[in-house]
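Working notes for the structure below.
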Amino acid sequence: GRRVEEIYRNPRLWVECIVEEDQGAVLKSLAAMMGDPANCRMDVEYRVRRPDGSITWVRDRGYPVVDDEGRARQIVGLAEDITERKKAESALLRSESAFRALVEMTGNAYLVVDFEGRVEEADDAYVALVGASSFEEIRGRSVTEWTAAHDLERNAREVEQCARTGSVRGLEIDYVKPDGTIQPIEINAAVVETDRGARILSQCKDISERKHAERALQEVNERLEAILKNAPSVAIQGYEPDGRVAFWNGASETLYGWKAKDIVGKRLGGRLLTMEDEEEFLRIVEHAIRSGQPAPVRERRTTSARGDSR
C-alpha cells in the first residue's frame, strides 16, 4: 500500500510495515540467508499493515546476489499476496473445529485419514473405540490394521470410493480390539480440503447396542416363526397391507389345501377366495392394520388348490 518512492527514501519502511508479532521471524530468516548465501533461501509468510489499517498476508521469497568472494550484497525477492488463501485456510479451520464440536456433542468419534487410510487425527473417543491407550499408538497407522478380517476388503474398497466420489454414508464394519473383542461401528465420511491437501474426515459411531438389539430381535422372530410354523392344529397366516400372503403355516396348508410355496407372495382372489370375497377380505385386513384391532370372525367358502370347495 506504499508508493515505491517512499521505500526508496526509507529502505527500512518495508520492515516497519510488517505486523510487530511477525517482524522477528522475517528478520531471522533474512539474517540466516545473508549469513550463509550459498545454502540459505528466504521463504516466509507474514502480515503487513497497510496505510488504511487493513492487514494483508504476504509470502516473501528471497534470493541473495553474491560478489566474487561469495558474500551476499543484494537480495532479489518475490512478494505474493496470499490474503485470500489465508482467509480460506482460516474458514476451513473454523469449519473443522465446528465439525469436531458437533461430533463430540453427539457422542461419536472423530477421525481424519489420508487416501491410503493412514490416521492423521483422531479424538479420544476414536482411540477408545479401537482399544488403543493413546493417539500416538495409532498415529500414521492404517485403519485396516484393526479392521476385522471379514471386513478388510470392503473397508479398503470404501476408502477408495470415498476418495473417488467424495463421501461414504452408513458404512457398517467391525473393528477388532487388541483383546480380540469385536467392535461394530457405523462410519459416515467425506473428503475435505485441509492445509495438508485433501483428506477423508469421518464420524464413527459405536453401534454395539444396536447390533445386540438386532440379534435379539432376530432370535425372537426366529423362535416365533418356528412356533407358528409348527403349531399342529391352528391355521395361522400373515398378510401384507395389499392382501398378499406373507406367512402360511403347516396347519394352513392342511386346512385350505394350499402349500406355502404356492400361496406366499400372492393374493387370495382367484385362488383360495372368489374375487368378490377377496374385496371384503382386503377391507378387513386394511381395517385391522389401521386400527390395530383383531379382525372380526367371518365364515366364507374357500377353494383348495385341487378346486374343491369348502
Side-chain angles (χ1 to χ4, degrees), residues 1-103 110-123 135-136 139-141 162-164 166 189-202:
R2 269 76 175 180
R3 296 175 60 84
V4 65
E5 291 83 0
E6 295 180 72
I7 304 295
Y8 286 153
R9 285 196 300 269
N10 180 9
R12 283 193 56 82
L13 181 60
W14 75 275
V15 176
E16 296 170 3
C17 293
I18 299 172
V19 173
E20 185 175 350
E21 294 90 336
D22 296 345
Q23 288 182 11
V26 175
L27 294 176
K28 182 178 179 180
S29 179
L30 179 62
M33 182 179 62
M34 296 298 288
D36 188 7
N39 299 305
C40 290
R41 296 292 182 268
M42 182 176 175
D43 190 346
V44 292
E45 296 179 0
Y46 55 87
R47 292 164 294 172
V48 171
R49 181 170 285 106
R50 299 167 63 89
D52 62 3
S54 62
I55 299 296
T56 298
W57 272 95
V58 174
R59 181 186 180 189
D60 200 343
R61 284 164 286 182
Y63 308 88
V65 177
V66 298
D67 58 19
D68 294 339
E69 297 178 1
R71 292 175 296 188
R73 294 302 183 186
Q74 291 180 317
I75 298 173
V76 176
L78 175 65
E80 176 187 4
D81 185 342
I82 58 171
T83 305
E84 291 305 316
R85 192 196 83 194
K86 286 293 185 179
K87 287 181 179 179
E89 290 176 354
S90 178
L92 177 61
L93 288 174
R94 289 195 299 271
S95 176
E96 288 185 355
S97 296
F99 180 85
R100 290 190 188 97
L102 179 61
V103 170
Y110 171 89
L111 172 70
V112 177
V113 299
D114 63 17
F115 286 173
E116 300 299 320
R118 292 185 293 260
V119 176
E120 293 191 356
E121 295 180 41
D123 62 2
F135 171 65
E136 293 305 319
R139 183 200 292 269
R141 295 169 59 187
C162 188
R164 185 174 64 255
V191 174
V192 297
E193 289 296 330
T194 73
D195 55 356
R196 304 180 302 278
R199 294 293 187 269
I200 297 175
L201 186 151
S202 303

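Residues take their numbers from the sequence shown, with the count starting at 1. Hydrogens, waters and symmetry mates play no part in the numbers below; they use all other heavy atoms, side chains included.
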Are Val19 and Val48 close enough that some pair of their side-chain heavy atoms sits under 4.5 Å apart?
-> no
Between Arg61 and Glu80, is there a salt bridge with N-O shorter than 4.0 Å?
-> yes
Minimal heavy-atom distance between Val58 and Ala79, with the atoms involved, is CG1-CB, 3.9 Å
Looking at Glu136 and Arg139, does any basic side-chain N land under 4.0 Å from a carboxylate oxygen?
-> yes
Check whether more than 12 heavy atoms from other residues, nucleotides or ligands sit under 6.0 Å from atom CZ of Arg49, and answer yes or no.
-> no
Do Arg41 and Pro64 come within less than 4.5 Å of each other through their side chains, counting heavy atoms only?
-> yes
Minimum heavy-atom separation for Asp43 to Arg59, with atom names?
-> OD2-NH2, 2.8 Å
For the residue pair Tyr110 and Leu201, establish whether any side-chain heavy-atom pair is separated by less than 4.5 Å.
-> yes
Minimal non-hydrogen separation, Val26 against Tyr46, with atom names = CG2-CD2, 3.3 Å
Under 3.5 Å, is there a donor-acceptor pair between the side chain of Glu120 and the main chain of Val113?
-> no
If you round to the nearest 0.5 Å, how far is OG of Ser29 from CD of Glu45?
-> 11.5 Å
Mind running side chain to side chain contact (heavy atoms under 4.5 Å, CB included) on Phe135 and Val119 for me, showing each step along the way?
-> CA-CA 9 Å; Phe135 171 65; Val119 176; 3.7 Å; yes
Counting only heavy atoms not in Glu5, do more than 12 sit closer than 6.0 Å to its CD atom?
-> yes
Residues Gln23, Ile18; criterion side chain to side chain contact (heavy atoms under 4.5 Å, CB included); working and verdict | CA-CA 6 Å; Gln23 288 182 11; Ile18 299 172; 3.8 Å; yes
Can you measure from CH2 (Trp57) to CD1 (Ile82) and round to the nearest 0.5 angstrom?
-> 6.5 Å
From the list Asp22, Asp81, Asp60, salt bridge (charged side-chain N to carboxylate O under 4.0 Å, His left out) partner of Arg47 resolves to Asp22
So do Val44 and Met42 actually touch side chain to side chain, heavy atoms under 4.5 Å?
-> yes
Mind checking whether Ile200 and Val112 have side chains closer than 4.5 Å, heavy atoms only?
-> no
Is there side-chain contact between Val191 and Arg199, with at least one heavy-atom pair below 4.5 Å?
-> no
